[in-house]
Protein chains: 2
Amino acid sequence: MPVGRDLFRIGETNKSIFNLLSGWVVIYTLLEDGRRQIVHFALPGAVMGVPTSNGAKISYGAQALTEVVVSVIPNTVLATVLKDDPEVSMRLASTLARDTSIAYDHMTSIGRRTARERVAYLLLELFTRHRAQWPGNHIEEMVIPLTQEQIGDATGLTFVHVNRVLSTLRKDKIVHFHYRRLRILDPDRLIEVAGIDPQTAMSWFERRST
Amino acid sequence: MPVGRDLFRIGETNKSIFNLLSGWVVIYTLLEDGRRQIVHFALPGAVMGVPTSNGAKISYGAQALTEVVVSVIPNTVLATVLKDDPEVSMRLASTLARDTSIAYDHMTSIGRRTARERVAYLLLELFTRHRAQWPGNHIEEMVIPLTQEQIGDATGLTFVHVNRVLSTLRKDKIVHFHYRRLRILDPDRLIEVAGIDPQTAMSWFERRST
DNA sequence: CGGTCCCTTGAGCCCGGTCAATGTGAGTGG
DNA sequence: CCACTCACATTGACCGGGCTCAAGGGACCG
């Protein structure tokens, strides 16, 4: 699927769940007046669009950030798979629980961290999650398919302020982010600025992505 | 369990999941320096502490806000239940998906709404979710076991500012919140201030809680 | 090589934070 | 039934991080 394509939109009643095989997908919500919040960056392995108990309409949308390959699983099929293979049920539950946990961490970032901390946290998170996909790979430079506006939407800031924060982080020789190219100059200080305890940070570097 | 008791703490590796039968539980995270974010208010029916794929430590804690009754289900037991009853798997998946969805909505609130909107949104949410537990009940006054400080922690504000916002909402005759007693004076304007489309708001009033 | 995103930077403002003092409700023990 | 206490709520003065508005300056693409 091409860049910009919607996997599903706000307000739909989803009949299928999506399993992301490759590429990046943004999960986002909108307010009436157009304010946007990016609530999650889905990376390969992610499961998206699982319906909630009440047959409510879905409150968030999913859009391809890059070229994307997804497998689409109709709800009916999901039901039979869960019936046939309890192992899958367990994995699905874990994956969903992980999504919630990541969401809680983002919420904390947005609610309680300063702009500088939020940006550092997001970059660190994207770096480690992205990197986790090529185990053994220690690149310090990678392509993150995001504009500063999207970083703003993810962190609850305006893109103008994101720009200023990125400037200072660059000036401080901590990270360099320019036209979607991310280079971590000083991992330790980045972890420090992000306000993550180093212990936790280390474990991030060994974890799988989703 | 008594008020203030922890069901589980940040950093633990959970061996059991919890099903809340009655009472209120806060799910919260902490930053190193003590800043706190309440990420969820769990109401009866909620499932808490589902472990994530990677055997990572849990990044949030759960604490009883009121007297609480929970059923504790060891992970091992959960596995066999999922094996025996695929129906449960489906329900668990839906419940977890719902948690994620609620988390996304909160994130949007914190990231993109003004203080006034956030507080209105939270009160409205708690009102409808709490109310959904006694179907057919149309009380306009209820006890919400929260201090203004906790409202602040949930909305990403300071309790001082929460107080000011509540003052204006009271002066505007929209809601009255005083010493844990919540009275909705003007539901329509509350929905408007919260920035929820009335359509969605209506559906909230028919939905079950979790 | 023109167009279109995207990034960058400046000036000024305001929402929400900080610090600090005071008020108030509700239980507790005398 | 009153006095005490302690947690919670309220209010004021002032401050500053992040937003708004606005005007350029690159980078990439056809």
Side-chain angles (χ1 to χ4, degrees), chain A residues 2-4 26 31 33-38 65-67 109-123 143-172 175-183 193 195, chain B residues 2-4 26 31 33-38 65-67 109-123 143-172 175-183 193 195:
Chain A
V3 175
V26 257
L31 298 185
D33 62 1
R35 280 174 285 178
R36 176 191 312 264
Q37 176 71 42
I38 291 176
L65 255 187
T66 63
E67 280 282 320
S109 213
I110 296 170
R112 290 306 189 199
R113 285 193 234 259
T114 65
R116 171 173 246 246
E117 292 167 337
R118 287 183 222 179
V119 172
Y121 182 94
L122 180 66
L123 293 179
V143 172
I144 303 251
L146 298 181
T147 64
Q148 296 185 4
E149 179 162 23
Q150 287 161 331
I151 294 178
D153 285 345
T155 50
L157 301 167
T158 59
F159 69 91
V160 175
H161 200 64
V162 167
N163 183 282
R164 291 194 232 270
V165 170
L166 286 173
S167 299
T168 70
L169 289 175
R170 192 183 319 142
K171 193 166 50 198
D172 295 346
V175 295
H176 189 92
F177 182 82
H178 195 69
Y179 284 93
R180 304 173 187 195
R181 211 151 262 107
L182 173 68
R183 190 162 351 129
V193 172
Chain B
V3 175
V26 261
L31 298 184
D33 61 1
R35 282 174 284 178
R36 176 192 312 263
Q37 176 71 44
I38 291 177
L65 255 186
T66 63
E67 280 280 320
S109 213
I110 296 171
R112 289 307 188 200
R113 284 192 236 259
T114 65
R116 172 173 245 248
E117 293 167 336
R118 285 183 222 180
V119 171
Y121 182 94
L122 180 66
L123 293 179
V143 172
I144 304 248
L146 298 181
T147 63
Q148 297 186 1
E149 180 162 21
Q150 286 161 331
I151 293 177
D153 285 345
T155 51
L157 301 167
T158 58
F159 70 91
V160 176
H161 200 63
V162 167
N163 184 284
R164 291 195 233 270
V165 169
L166 286 174
S167 298
T168 70
L169 289 174
R170 193 184 317 143
K171 193 166 49 199
D172 296 345
V175 295
H176 189 93
F177 182 82
H178 195 69
Y179 285 94
R180 304 177 185 193
R181 212 151 260 108
L182 174 68
R183 191 163 349 130
V193 172

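So that the names make sense, note that chain A is the first sequence line, chain B the second, and so on, each numbered from 1.
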Atom-to-atom span, [atom1] of [X] to [atom2] of [N] - whole angstrom:
X        : N      : atom1 : atom2 : result
A:Arg112 : D:dG18 : CZ    : P     : 14 Å
A:Phe177 : C:dC7  : CZ    : P     : 7 Å
A:Tyr179 : C:dC6  : OH    : P     : 9 Å
A:Ile151 : C:dC5  : CD1   : P     : 20 Å
B:Glu149 : C:dG17 : CD    : C1'   : 14 Å
B:Gln150 : D:dC8  : CD    : C1'   : 11 Å
A:Arg113 : D:dG17 : CZ    : C1'   : 17 Å
B:His178 : C:dG23 : NE2   : P     : 15 Å

Do any of residues 159-171 of chain A sit with a heavy atom less than 4.0 Å from DNA chain D, and if so which? A:Val160, A:His161, A:Arg164
Salt-bridge test for B:Asp172 and B:Arg116: reply yes if a basic N is under 4.0 Å from a carboxylate O, no otherwise. yes
Under 4.0 Å between a Lys/Arg side-chain N and an Asp/Glu carboxylate O for B:Arg35 and B:Asp153? no
Considering non-hydrogen atoms only, spot the tightest contact between B:Leu146 and B:Arg180 and give its length. O-CG, 3.5 Å
Nearest atoms (heavy-atom pairs only) where A:Ile110 meets A:Ala154: CD1-O, 3.5 Å
Expected output: side-chain B:Arg113 to main-chain B:Gly195 donor-acceptor under 3.5 Å: yes
Within a strict 4.5 Å, meaning less than it, do heavy atoms of the [X] and [Y] side chains meet?
X        : Y        : value
A:Leu65  : A:Val3   : no
A:Val143 : A:Leu182 : no
A:Ile151 : A:Phe177 : yes
A:Glu117 : A:Ser109 : no

Heavy-atom nearest nucleotide on DNA chain D taken for A:Arg181 and for A:Arg116; more 5' hit belongs to A:Arg116
Remember a base hit wins even if backbone is also touched, and classify A:Gly152 as base, sugar-phosphate or nothing at under 4.0 Å, heavy atoms. nothing
Using a 4.0 Å heavy-atom cut-off across all strands, classify B:Arg180 as base, sugar-phosphate, or nothing. sugar-phosphate
For C:dC5, take OP1 and OP2 only and decide whether either is under 4.0 Å from a side-chain N or O of A:Gln148. no
Is there a side-chain contact between A:Thr158 and the phosphate of D:dC19, meaning an N or O under 4.0 Å from OP1 or OP2? yes
Axis-to-axis angle between the two ends of the helix from C:dC1-D:dG30 to C:dG30-D:dC1 (five base pairs per end, rounded to 10 degrees): 50°
